[in-house]
Amino acid sequence: MSTTSEPRVSGLEIRSIDYVPLNERHGKLWHLGPLWFMSNAQIATLAVGLISITEGGNLIWSLIAIVAGTVIGTFFMAFHSAQGPQLGLPQMIQSRPQFGYVGALLVWLFAYVQYAGFNVFNTILAGEAMHTTVHGGVKLWVVVVTLVALVIALVGYDVIHKAEQFLTYTFLVVFGIFTIGALVTLHYPAGSFDLGAFKATPFLAQFGVVAGYQISWAIYVSDYSRYLPPDVTVRKTFYWTYFGSALGGIWLMTLGALLAAWAGKDFDTIKSINAAGDKVFSGFGAIVLLFAVLGLVSVTALNMYGGSLTLISAVDSIKRVRPTLSVRLVTVGLTAALSLVGALAATANFLENFNNFLLLVLYLFIPWTAVNLMDYYVVRRGHYAIAEIFNPRGIYGRWGWHGIIAYLVGFGVMIPFFSVGTLYTGPIAHALDGADISLFIGLPVSAALYWMLTRSIDVDAEQRLAEAEAEELEQAAHEHREP
């Protein structure tokens, strides 16, 4: 599906869920590095590094869990990134070959909830940071941050990439000084670096939340690589995405663990950053917070952009939609409004339960990432009839039972292993003293089941159809019409 023929308006991006033709591919592969570094190098990520400390773990094992969770979780999101240049499609629309034209609504609903949830948390943090430094009230700054992010998301792909590149360079200076200051000036409790004080429950809780946070980026990644030319290799796309995201994540989560260990029961994300910064020199805490707001604005814009694409995809599954510029404007605006309402209505309980939200995201997207990656890299080996993805009566069908069954079974077998704070502890997790190993259950079960269910797919026939439709697909996309 493509947009109607209309000119670009004030540099606003026109394309949304439609295929990006080869003549519009642009950008450099290295741009993915700063994009994913800066997407993770913001203080919402810092809050992910607190779990083990708050649950009784010591600092050294918290840091090990952070690194291990990042290394494993980022592995999956980076492989999703490599799909973008090859297919020229945003991430979530790629779920149709596995789940069907209508069946993909299952995962799109979860994705949209994730976008909204993260933006509520991001904008509240930004509002608190602004109120702490320049005052004016948290809710006022929540509105301002949302509006600024809305403008960035409306302009779209190119300005998001450029903003993240600029922020990366300034981040290295500001947070470089802050990190050195934290390592030199902060003092940690006795036993913080005792390797003999290992506790499985806080370690696995930290590992699971970190892995889930990294995997949660999987629903975004092709959105920001789909304009790259297809001759960039899968390997290099993977590397730039992986190392950018992993370095940003490890850096900020490590900072979170350091601040939590130092502050103890008095830890508060904004107040602790401010206090630790002022230990470097008076007023530096405010500088750190003001710069951190820029990072939160940028990642909020990413969520609005991705939320818009997901919302268009969902509506299109029910009623055919031409993803014109006006449709993109409306859906970005709706996504911004939803997150704004959620942030203004949120209570302190939401912030306290952010870790539970991250775990729920992990549970919902583990089976999806397993199915999607198994389909792309093993079953269909990257070959899709892209025009058929936008055809409700196409070869991928309305309901992709192979993917739906693999997803539901994978999710079902994870339930006994869930450990979500006070919300729910599965019987096996309870027997393991609250340790959560559901990640290691859902991934292989969903992937293996999907592979077994799809053995009858005629991949060669799909590839021949893709080749036959390729020229018409390019021509239709170039002319902004349906293929």
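In this chain, numbering begins with 1 at the start of the sequence shown.
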Checking the side chain of Q114 only, and the main-chain atoms of S216 only, is there a donor and an acceptor separated by less than 3.5 Å? yes
Hey, could you give me each pair passing ring-ring contact (aromatic ring centres under 6.0 Å, His included) that has a residue in residues 288-323? Not counting sequence neighbours. Y224-Y305
T123 OG1 to L340 CG distance, which is reported to the nearest 0.5 Å: 7.5 Å
Under 3.5 Å, side chain of Y19 to main-chain N/O of L87, donor-acceptor pair present? no
Evaluate the criterion side chain to side chain contact (heavy atoms under 4.5 Å, CB included) for residue pair L195 and I64; output intermediate values, then yes/no. CA-CA 10 Å; L195 286 171; I64 293 172; 4.1 Å; yes
Identify the two heavy atoms, one from V280 and one from G181, that lie closest to each other, and give their separation to 0.1 Å. CG2-CA, 3.7 Å
Which atom of G412 lies closest to which atom of P416, heavy atoms considered: O-CD, 3.6 Å
Assign the ring pair F207 / F440 to parallel, tilted or perpendicular, where the plane angle (0 to 90°) is split at 30° and 60°. parallel
Could you go step by step and tell me if L46 and I273 meet the side chain to side chain contact (heavy atoms under 4.5 Å, CB included) rule? CA-CA 10 Å; L46 181 148; I273 291 173; 4.1 Å; yes
Would you please name every residue forming a side-chain contact (heavy atoms from CB on, under 4.5 Å) with I404, sequence neighbours left out? F99, W399, W401, L408
Is a side-chain donor or acceptor of N122 paired with a backbone partner of F118 at a separation under 3.5 angstrom? yes
Do V288 and V174 make a side-chain contact, defined as non-hydrogen atoms from C-beta onward lying under 4.5 Å apart? yes
Sequence neighbours excluded, the answer for side-chain contact (heavy atoms from CB on, under 4.5 Å) partners of I389 is L89, I93, R96, P97, Y396
Out of curiosity, T132 OG1 to M130 CE, how far, rounded to the nearest 0.5 Å? 10.0 Å
F411 and L364, any side-chain heavy atoms less than 4.5 Å apart: yes
Do you know which two heavy atoms are closest between A129 and T133, and how far apart they sit? O-OG1, 2.9 Å
More than 12 heavy atoms of other residues, nucleotides or ligands under 6.0 Å from OH of Y424: yes or no? yes
Under 4.5 Å between any side-chain heavy atoms of L258 and Y188, yes or no? yes
Indicate yes or no: at least one non-hydrogen side-chain atom of V48 is less than 4.5 angstrom from one of L252. no
Shortest non-hydrogen contact from M38 to G295? CE-CA, 4.2 Å
Output all residues satisfying side-chain contact (heavy atoms from CB on, under 4.5 Å) with P34, sequence neighbours left out; order by chain, then residue number. W30, Q165, T168
Can you measure from CE (M304) to CG (L302) and round to the nearest 0.5 angstrom? 11.0 Å
Contacts of F238 meeting ring-ring contact (aromatic ring centres under 6.0 Å, His included) (sequence neighbours excluded), chain-then-number -> F75, F79, Y242
Contact list for residues 362-372, test side-chain hydrogen bond (donor to acceptor under 3.5 Å, both in side chains), sequence neighbours left out: H80-T369, H80-N372, Q83-N372, S95-W368, Q98-N372, Y363-D436
Between T54 and I51 (side chain of the first, backbone of the second, donor and acceptor by atom type, cut-off under 3.5 Å), is there such a pair? yes
Testing the basics here: between V120 and S339, what is the closest heavy-atom pair and its distance to 0.1 Å? CG2-O, 3.7 Å
At what distance, to the nearest 0.5 angstrom, does CD1 of I312 lie from OG1 of T331? 3.5 Å
Can you tell if the side chain of F365 reaches within under 4.5 Å of the side chain of F76, non-hydrogen atoms only? no
Side-chain (T45) to main-chain (A41) donor-acceptor, under 3.5 angstrom: no
What are the two closest heavy atoms between A111 and M92, and how far apart are they? CB-CE, 4.0 Å
Identify each donor-acceptor pair in which a side-chain atom of residues 137-153 lies under 3.5 Å from a protein atom, sequence neighbours left out, and give them as a table.
{"residue": "W141", "atom": "NE1", "partner": "H135", "partner atom": "O", "Å": "2.6"}
{"residue": "T146", "atom": "OG1", "partner": "V142", "partner atom": "O", "Å": "2.8"}

Taking only residues two or more places apart in sequence, or in another chain, which ones meet L105 in a side-chain contact (heavy atoms from CB on, under 4.5 Å)? V102, W108, A314, S317, I318
Under the side-chain hydrogen bond (donor to acceptor under 3.5 Å, both in side chains) definition, can you give me all pairs with a residue in residues 270-291, not counting sequence neighbours? none
Test item: Y101 and D316 side chains (from C-beta on) under 4.5 Å apart, heavy atoms: yes
Could you check F175, Y169, F171 and say which one makes a ring pair (Phe, Tyr, Trp, His ring centres under 6.0 Å) with F37? F171
Main-chain N/O of V71 paired to T74 side chain as donor or acceptor, under 3.5 Å: no
Derivation and outcome, side chain to side chain contact (heavy atoms under 4.5 Å, CB included), residues V107 and Y407: CA-CA 10 Å; V107 290; Y407 179 95; 4.1 Å; yes
Distance check, rounded to the nearest 0.5 Å: S52 atom OG versus N58 atom CG? 7.0 Å
Heavy atoms, side chains only, cut-off 4.5 Å: are I60 and D194 in contact? no
Does anything in residues 199-209 pair up under side-chain hydrogen bond (donor to acceptor under 3.5 Å, both in side chains), and if so which pairs, sequence neighbours excluded? none
Scan residues 200-227 for pairs that pass salt bridge (charged side-chain N to carboxylate O under 4.0 Å, His left out), counting only residues two or more places apart or in two chains. E13-R226
Taking side chain to side chain contact (heavy atoms under 4.5 Å, CB included) as the criterion, tell me which of L309, I219, T335 meets it with Y112. T335
Quick one: pull up CD1 in I437 and CE in M414 and give me the separation to the nearest 0.5 Å. 11.0 Å
So side-chain hydrogen bond (donor to acceptor under 3.5 Å, both in side chains) across residues 31-40, not counting sequence neighbours, yields S39-E164, N40-Q214, N40-W217, N40-S245
One pair to check against side chain to side chain contact (heavy atoms under 4.5 Å, CB included): S81 and L32. What are the steps and the verdict? CA-CA 9 Å; S81 179; L32 295 175; 4.2 Å; yes
Do the non-hydrogen side-chain atoms of H26 and Y157 ever get within less than 4.5 Å of each other? yes
